[in-house]
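To keep things clear, I will list the structure first and then write my remarks on it.
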Amino acid sequence: MGRLLIVDDEPNLRRVLGSDLRLDGHKIEEADGVGSAVSLLAEHEYDAIITDQKMPDGDGLKVLTVARENDPSVAVIFLTAVPTIELAVESMRQGAFDFITKPFNPEVVRATVRRACERTGLLRENQLLKSTVGTLQGA
């Protein structure tokens, strides 16, 4: 399936969520905050990122911004315990794939991640095809 990054300052949430998503064959990496997520994003490519909104060293919008700067095709899913209309609107305006509230239904998260990985794959394939067509037309 996909390569995922889970960003949350709660170790138990990362463990449970990672365990659920591994059932679908995903490769999981974890970050305990914005700083470690930014470091991992600079080093690796992910198919989807699941991020908490509020963490001690920053917020999920920073993760979203850095992720989209590194790879505009990556899908970012927000997972938050403090849902507000303003946060949902702002995260979606900035390009988030979805917004899920805690406590979450594991099946909803798994289905959302599947859709996110599929979308990322399609966007990357489309970009590759455009690049190939551009190269062939230039030849």
Side-chain angles (χ1 to χ4, degrees):
M1 294 287 320
R3 183 176 184 157
L4 310 178
L5 176 62
I6 300 173
V7 185
D8 199 299
D9 58 318
E10 298 176 33
N12 287 337
L13 183 130
R14 291 193 314 267
R15 182 182 49 76
V16 168
L17 192 55
S19 178
D20 284 345
L21 293 169
R22 282 184 185 95
L23 294 174
D24 292 332
H26 296 292
K27 182 177 182 334
I28 307 295
E29 292 188 35
E30 299 178 8
D32 62 1
V34 175
S36 57
V38 168
S39 296
L40 287 169
L41 288 167
E43 298 172 17
H44 305 285
E45 183 177 85
Y46 298 96
D47 298 303
I49 299 164
I50 302 167
T51 185
D52 191 9
Q53 171 51 23
K54 294 184 186 265
M55 293 170 274
D57 66 339
D59 64 36
L61 290 173
K62 175 69 174 177
V63 174
L64 172 64
T65 300
V66 172
R68 304 275 299 166
E69 286 172 356
N70 290 345
D71 179 2
S73 65
V74 69
V76 179
I77 301 163
F78 276 84
L79 197 61
T80 184
V82 187
T84 65
I85 297 296
E86 295 80 15
L87 174 60
V89 168
E90 184 61 21
S91 63
M92 299 305 272
R93 188 183 70 73
Q94 290 190 30
F97 178 78
D98 209 339
F99 189 88
I100 300 171
T101 58
K102 295 177 188 175
F104 56 87
N105 176 330
E107 291 306 314
V108 169
V109 174
R110 290 172 67 192
T112 301
V113 167
R114 274 193 301 274
R115 287 192 334 271
C117 289
E118 288 171 5
R119 176 190 164 274
T120 298
L122 288 172
L123 289 173
R124 289 178 180 159
E125 182 178 351
N126 187 30
Q127 188 58 39
L128 178 63
L129 290 171
K130 284 181 180 179
S131 175
T132 302
V133 167
T135 301
L136 293 174
Q137 286 177 340

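Residue numbers start at 1 and run along the sequence shown.
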message: Is any side-chain heavy atom of E43 closer than 4.5 Å to one of E29?
response: no
field: Check against side chain to side chain contact (heavy atoms under 4.5 Å, CB included), D8 and L17
entry: CA-CA 10 Å; D8 199 299; L17 192 55; over 6 Å; no
message: Are M1 and R114 packed together at the side-chain level, in the sense that at least one heavy-atom pair is separated by less than 4.5 angstrom?
response: yes
message: I need the minimum non-hydrogen distance between D9 and P56, along with the two atoms involved.
response: OD2-CD, 3.3 Å
query: Does the pair V113 and L21 meet the rule for a side chain to side chain contact (heavy atoms under 4.5 Å, CB included), with working shown?
result: CA-CA 8 Å; V113 167; L21 293 169; 3.9 Å; yes
query: Between I100 and I77, what is the shortest heavy-atom contact and its length?
result: CD1-CG2, 3.9 Å
field: Nearest-0.5 Å distance, CG of residue L4 to CZ of residue R22
entry: 9.5 Å
field: Hydrophobic cluster (4.5 angstrom, side-chain heavy atoms) - remaining members for V34
entry: L5, V7, V38, L40, L41, Y46, I49, M55, L61, V63, L64, V66, V74, V76, F78, L87, F99
Pairs involving residues 89-101, ordered by first then second residue, that meet salt bridge (Lys or Arg N to Asp or Glu O under 4.0 Å) (sequence neighbours left out): E90-R93, D98-R115
query: Taking C-beta and beyond as the side chain, do E125 and L128 meet within less than 4.5 Å on heavy atoms?
result: no
field: Gap between atom CG of D32 and atom CD1 of I6 - 0.5 Å precision
entry: 13.0 Å
message: Has R3 got a side-chain atom pairing as donor or acceptor with K27's backbone, closer than 3.5 angstrom?
response: no
- prompt: Taking side chain as C-beta onward, heavy atoms only, is D52 less than 4.5 Å from L13?
  reply: no
- prompt: Is atom CD1 of I85 surrounded by more than 12 heavy atoms (other residues, nucleotides or ligands) closer than 6.0 Å?
  reply: no
statement: In terms of heavy-atom contacts, C117 and A48 come closest through SG-CB, 4.1 Å
message: I'd like to know if the side chain of T112 reaches the main chain of V108, judged simply by a donor and an acceptor atom lying under 3.5 Å from each other, with no hydrogens or angles considered.
response: yes
- request: Taking all heavy atoms of R124 and all of E45, pick out the closest pair and write down the distance.
  value: NH2-CG, 3.4 Å
- request: Take D20 and V109 through the test side chain to side chain contact (heavy atoms under 4.5 Å, CB included) and record every step on the way to the result.
  value: CA-CA 9 Å; D20 284 345; V109 174; over 6 Å; no
statement: Rounded to the nearest 0.5 angstrom, the CG-CZ distance for N105 and R110 is 10.5 Å
task: Would you name the heavy atoms of G18 and I28 that are closest together and state the gap between them?
output: O-CG1, 3.9 Å
- request: Would you indicate whether the side-chain heavy atoms of V16 and P106 approach each other to under 4.5 Å?
  value: no
message: Would you compute the distance between atom OG1 of T120 and atom CG of D71 and round it to the nearest 0.5 angstrom?
response: 7.5 Å
task: Enter the distance from S73:OG to N126:CG here, rounded to the nearest 0.5 Å.
output: 10.5 Å
task: Can you see which heavy atom on G2 is nearest to which on H26, and at what distance?
output: N-ND1, 3.1 Å
query: In terms of heavy-atom contacts, does NZ of K102 have more than 12 from other residues, nucleotides or ligands at under 6.0 Å?
result: yes
